[in-house]
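Predicted model, so just to flag it, every value in this text is computed and none were measured. Proteins get letters first, then strands, A, B, ... in listed order; numbering begins at 1 in each.
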Number of protein chains: 2
Amino acid sequence: MAMYTIGQFSRITGLSIKTIRLYHEKGLLRPALVDEFTNYRYFNDHNVDTARAIAYLRELQFPLAEVQEILSEFREDTEVLPFFEKQQKLIQARINQLNQAATSLDGVIRREKEVLTMLRQLESDIREKEIGDQTIIGVRWKGKYSETGKWIGQAARQSGRSIRGAPFNLYYDCEYKEEDADIESCFPVSGLTEKHHQKARVLPGGRCLSLIHKGPYEQIGLSYQRLFEYLQKKGYRAQTPSREIYLKGPGIIFRGNPKNYLTEIQIMIAPQNGGQDERQDGRQD
Amino acid sequence: MAMYTIGQFSRITGLSIKTIRLYHEKGLLRPALVDEFTNYRYFNDHNVDTARAIAYLRELQFPLAEVQEILSEFREDTEVLPFFEKQQKLIQARINQLNQAATSLDGVIRREKEVLTMLRQLESDIREKEIGDQTIIGVRWKGKYSETGKWIGQAARQSGRSIRGAPFNLYYDCEYKEEDADIESCFPVSGLTEKHHQKARVLPGGRCLSLIHKGPYEQIGLSYQRLFEYLQKKGYRAQTPSREIYLKGPGIIFRGNPKNYLTEIQIMIAPQNGGQDERQDGRQD
DNA sequence: CTATGGTCTCCCCCAAGGGGAGAGTCAAGT
DNA sequence: ACTTGACTCTCCCCTTGGGGGAGACCATAG
C-alpha cells in the first residue's frame, strides 16, 4: 500500500498543505499513519478517496462541519439526500440574493452611463425634437415643488424592478405655481408584471422643445423663461403637461453637487393649424 | 438639528449597535459628536444619509474597505462607476460558481431520487418490456470488465453537463469473456451543444428482457444465467449488444456497500419471425 | 437615592484557511 | 559521518463582518 507524505498528498489531491492539516485537525481526514515521535502525517489511497469526497462536497458549498457529519455518519450516497436538498435550497437563496444585487448594479451602471454620455454631448441650447411614446407609471399629487423627492420615491416603489430610465415630473399647470402645483411624478417602465400592468399607461410622444438645464433646481426658472421666449418668437403653442426629466440629481449614494445637476425640460408643441389631430392635452388618467 | 443616541440611530437605520460601532471604528461612519468624557456617540441626520449609503453599498456586496474608499474619495455617483463595474464582474463570477454547484446538486438529487424509487419498486424478476430510443455518447474499448470505471469516467467527461441518466455498458460480445471484451461505456444525453452533437448517436429501442441484479458485480454471472435460461425456454433470439445499466454502483461520495449495488441487465430480443410488427403482449410498463 | 436601562471598552468567537517563525526531520551528496 | 536543502511540525496572528458577553460607566425617572 502506497504511503504519501503531506506534500505528495497535497499534489495528488490538489488541496493545500494548510488545508489538509485543517481537515485533519477537524477530524475530516485522518491520516493513515501519524509518526508518534516526529508527528509526521502519512496518507494512503483510502485517504485520497476521502479527500476527493471532501473536495466534492466543498465544491457544493457544504460547510466543513456538515461535510464531517456526512462523512462520519453515512456510508451510502442515497442516505445523504436530505443534506443535498437542504443545501440546494440554501444555494438557491444565495443565488437569489446575488441576483438581486446584480440587477440593482445593472440599473445603476446603466443610469450612470447615460448620464455620462449626456454630459459629453451637452450643449445647453434649445432644440426641437421628436420624442416617441413611453410607457410610464406615475403618481399624481398636489403640493410644493420641493416635495418632489418624496413622490419620486413613491413612484419608484410602484414601478419596482421595471424602471427603465430617469425619473421625471409632469406639470399639469399652465403657469408656475409656488404652492399647490399639480404634478405627476413618473418613471419610464418596461417588462411589467401582470399586477403592475394596470398602473402603467402610455405617454404619447410628438414634437417638443427641449432644453437641458444645468445647475440647482432653484434656478430652473431662467431656463423656463428662455423656453417661453423661444415659443413666442416661433409662434408655437405649448401643450400641458410639460416635462422635467431629472437626468442627474441627488444620486443614490451621494447627494452630489447641485451645480452639476442636469434637468431636461420638454415642452410639447401643439400641431400648428388645421390638422384634425389637434390634441390639446395629454391627460388620460 | 436632531441628535440621536446610538440606540435611536440603530432603530432609524436598521443597523445593529455592534455594526454601527464597527463602521465608526473603521472610519466609515463618523458620529456627529463623541462626548469626550463619556465617549458616548451622537448622530445627526447627515449620519443617517451616510448610513443609508453604506447599507445600500453593502446590499450590492461591496466589502467595507471599498465602501470606505468610495465614501471618502468621491462626492458624485458617476465617479463611482468603475467600482460598480468591477463589482458587477465579481458578483457575476460568484453567481456562476454557485450556479455550477446548484447544477451539480440538481443532478445528484435527481439521480439519487431515481435510485430510491428503483429500490422501492424492486422485484428481482425477469420482465419483458419495450424501451424507447435513446441518444447516447459512448466510448468503445477492449479490455477487462473491471476497467469499466475508468471508461465510464471517460464517457462522463465527453458528455459533460448533458448527462441525463445512469451510465451503462454495451457488450458487443455474444458470450462472456474474461479478458479483451468488446465494450462501449455510455451515458444517455440530451440538450447537447453543437460541438458535442457529433459524438452522440441514437441507440434504438425495442423489446427486451430486463432483470435487475442486486449485489456485487462479481456475482452478475448468475443473473445472466437466469436470463439465458429464460431466453431458451421462450425460444427468443438475443441481439447484441446487451446492456448493463449501473443504477446504483459506487457513489459520488461513498463507495457504498456492494451488496446494495443495482444493475439492470437488458437483452434485446430479435423480432420473432416474418411479421414485421409482431407484439405478443401489451406490457409496456 | 436608587432602579432601570443605555452605553462604553475589551475580549473572545465564527469559517476556512493563509502567512510566517522557529524548530525538528528526511534523504541525497560528499 | 557530515552537511545541505527541502520538508514538515507546531504555534501564533491575520483575514470579513460582525455577534455575545463581562464589567464598568452614564442618564433619567420616580
Side-chain angles (χ1 to χ4, degrees), chain A residues 2-43 47 51 53-71 87 90-91 94 97-98 101, chain B residues 3-43 47 50-51 53-71 87 90-91 94 97-98 101:
Chain A
M3 290 282 252
Y4 315 107
T5 66
I6 197 170
Q8 294 165 336
F9 190 69
S10 162
R11 261 164 268 138
I12 291 170
T13 60
L15 302 171
S16 78
I17 293 182
K18 284 283 190 185
T19 303
I20 297 167
R21 288 206 269 249
L22 180 72
Y23 291 174
H24 178 197
E25 184 192 341
K26 298 232 166 188
L28 285 166
L29 185 59
R30 241 173 291 277
L33 177 83
V34 178
D35 187 304
E36 75 177 302
F37 301 112
T38 71
N39 277 334
Y40 271 37
R41 298 167 177 89
Y42 296 95
F43 301 87
N47 288 142
I54 297 175
Y56 179 70
L57 292 172
R58 288 291 300 141
E59 260 176 50
L60 299 183
Q61 313 286 318
F62 279 97
L64 288 187
E66 218 144 321
V67 173
Q68 161 159 36
E69 196 176 347
I70 290 171
L71 290 184
Q87 185 68 4
L90 218 150
I91 288 191
R94 289 218 286 252
Q97 193 192 0
L98 285 179
Chain B
M3 290 284 252
Y4 315 107
T5 66
I6 198 170
Q8 294 165 335
F9 190 68
S10 162
R11 262 164 267 139
I12 291 170
T13 60
L15 302 172
S16 78
I17 292 183
K18 284 283 191 187
T19 302
I20 296 168
R21 289 207 268 248
L22 179 72
Y23 291 174
H24 178 197
E25 185 193 339
K26 298 231 167 190
L28 285 166
L29 186 58
R30 239 174 292 278
L33 178 84
V34 178
D35 187 305
E36 73 177 305
F37 301 112
T38 69
N39 276 336
Y40 271 38
R41 297 167 179 88
Y42 296 97
F43 301 87
N47 288 142
T50 307
I54 297 175
Y56 179 69
L57 291 171
R58 288 292 301 141
E59 261 176 51
L60 299 183
Q61 313 286 319
F62 279 96
L64 289 187
E66 217 144 321
V67 173
Q68 162 162 37
E69 196 177 346
I70 290 171
L71 290 184
Q87 185 68 5
L90 219 151
I91 288 190
R94 291 218 286 254
Q97 193 192 359
L98 284 179

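Between Tyr4(B) atom OH and dT7(C) atom C1' there is a gap of 19 Å when expressed in whole angstrom units. One interatomic measurement links the two molecules: CD of Glu66(B) to C1' of dT16(D), which rounds to 13 Å at whole-angstrom precision. Atoms CZ (Arg41(A)) and C1' (dT25(C)) sit 14 Å apart, rounded to a whole Å. Taking atom OH of Tyr23(A) as the reference point, atom P of dA15(C) lies 13 Å away to the nearest angstrom. Rounded to whole Å, atom P of dC26(C) lies 15 Å from atom CD1 of Ile6(A). When the P atom of dC26(D) is taken as reference, atom CD of Glu36(B) falls 13 Å away, rounded to whole Å. For the pair Leu22(A) CG and dT10(D) C1', the interatomic distance rounds to 14 Å; values are reported in whole Å. Atom CD of Gln8(B) is separated from atom C1' of dC26(D) by 15 Å (rounded to the nearest Å).
When distances are taken from the side chain of Tyr40(B) to each of dT8(D), dG19(D), dC8(C), the shortest belongs to dC8(C). The side chain of Arg58(A) sits closest to dA16(C) out of dT7(C), dA16(C), dG18(D). Ranking dA16(C), dT9(C), dT8(D) by closeness to the Thr5(A) side chain, first place goes to dT8(D). With dG19(C), dT10(D), dG19(D) as the choices, the nucleotide that has an atom nearest any side-chain atom of Lys18(A) turns out to be dG19(C). When the nucleotides dC8(C), dA27(D), dG19(D) are ranked by their closest atom to the side chain of Ser16(B), dG19(D) comes out on top.
Contact record, Arg58(B) with Tyr23(B): CG-OH, 3.8 Å, taken as the closest heavy-atom pair. What you find for Ile91(B) and Ala101(A) is that their closest heavy atoms are CD1-CB, 3.8 Å.
Across the interface with DNA chain D, nearest-nucleotide mapping of Ile17(B) and Asp35(B) shows Ile17(B) to be the residue nearer the 5′ end. Across the interface with DNA chain D, nearest-nucleotide mapping of Phe37(B) and Pro63(B) shows Pro63(B) to be the residue nearer the 5′ end.
Gln8(B) places a side-chain N or O within 3.5 Å of a backbone atom of Thr5(B) that can act as its donor or acceptor partner.
For dG6(C), the OP1/OP2 oxygens have no side-chain nitrogen or oxygen of Arg21(B) closer than 4.0 Å. Distances shown here put a side-chain N or O of Thr19(B) below 4.0 Å from the OP1 or OP2 atom of dG19(D).
Between the CG atom of Leu29(B) and the CG atom of Leu64(B) there is a distance of 11.0 Å, given to the nearest 0.5 Å.
Within the 4.5 Å cutoff, the side chain of Lys26(A) has no heavy atoms near those of the Val67(A) side chain.
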